[in-house]
Student: 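Sharing a structure below in structure tokens format, with a few things to ask.
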Amino acid sequence: MSEKIRVTMYNEYLEELHDANCAKVYPKGLHGAIGDYLAKNPEIEFTAVTMEMPNCGFTDELLNNTDVLLWWGHGHHGEVPDEVANKVQRRVLNGMGFVPLHSAHMSKPFMRLMGTSCRLHWCDDEKEVMWTVTPSHPIAKDVPEYFVIDSEEMYGEPFGIPNPDEVVFIGWFNHGSVFRSGVTFRRGNGKIFYFQPGHNSNPGYYNPHVLKIIENAIYWAKPDFIVPNREDYFGKDVIKI
Ligand code: ZN
């Protein structure tokens with residue numbers, strides 16, 4: 001691993017361009033809001049790619065030099081090429097950290113890594129109270145016992161994920177729904193943290209606690225070990241002792 005944590009964010013980046021409500025909240029895109037925050041951290045090197053780029057911006061070189069991948073997609077999951085999803089999945093299994101955000105619960109890479117429906121209940125704007133239910137977890141560092149997000153899309157249980165390794169945050173919404181909002185998994189050598197806030201017409205990615213949690217998740221998910229190329233690694237001759 002290089003000295004800095006190499007973070008790449010894939011953002012679908014269509015609604016912020018073409019929907020007036022989203023453009024007003026995120027004039028620089030969701031990746032702009034998150035990127036501006038992470039730019040203050042000298043230990044993080046941030047690169048953003050978007051759907052309109054060839055292959056969604058994923059060159060092999062970029063992916064092979066990404067330590068932690070953030071992913072935000074919404075209405076166009078199906079248009080992400082299978083080849084990109086396969087490569088992301090493989091890189092996670094090799095050790096890359098993966099932080100799917102909000103509606104990335106239905107993204108190809110996350111669904112492949114989970115192997116379940118990943119579906120959930122949802123409805124428009126509600127107030128959310130985010131509870132830190134595992135305060136000793138590194139992703140909860142410097143995050144209060146609870147905080148309020150005034151306006152966020154409601155995501156509710158049942159959430160069609162496998163049982164997570166850890167539930168770090170639970171969201172409560174003012175109509176009574178609850179949601180496992182921050183959950184961790186390991187797949188192969190890779191660490192995964194799914195985090196629920198971040199609907200693109202709500203200002204969640206300006207909330208300091210939400211941003212802190214994403215930053216903490218980057219530190220938690222960064223690989224200690226990464227297999228450079230899985231086929232080569234596992235395709236070596238058997239070592240005879
Ligand atoms: Zn949404």
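Computation of the quantities below employed the complete heavy-atom set of this structure, encompassing side-chain atoms and omitting hydrogens, waters and symmetry-equivalent molecules. Whatever order the structure lists ligands and atoms in, that order sets their numbers, starting from 1.
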Student: Return the orientation label for the W131 and Y146 ring planes: parallel under 30°, perpendicular over 60°, tilted otherwise.
Tutor: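 Plane angle between 30° and 60°, so tilted.
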Student: Decide if the gap between the ring center of F159 and the ring center of F179 is smaller than 6.0 angstrom.
Tutor: yes
Student: Is the count of non-hydrogen atoms from other residues, nucleotides or ligands lying under 6.0 Å from E79 atom CD greater than 12?
Tutor: yes
Student: What's the verdict on salt bridge (Lys or Arg N to Asp or Glu O under 4.0 Å) for D165 and K191, showing C-alpha distance, side-chain angles and the deciding distance?
Tutor: CA-CA 10 Å; D165 294 337; K191 285 175 268 185; over 6 Å; no
Student: Roughly how far, to the nearest 0.5 Å, is CG of N41 from NZ of K4?
Tutor: 9.0 Å
Student: Short of 2.8 Å from the Zn ion (ligand 1), name each protein N/O/S atom, waters not counted.
Tutor: H102 NE2, E153 OE1, H199 ND1
Student: Determine, step by step, whether Y155 and H105 satisfy the ring pair (Phe, Tyr, Trp, His ring centres under 6.0 Å) criterion, reporting the C-alpha distance in whole Å, the side-chain angles of both residues, the deciding distance to 0.1 Å, and the verdict.
Tutor: CA-CA 11 Å; Y155 275 10; H105 68 94; 5.3 Å; yes
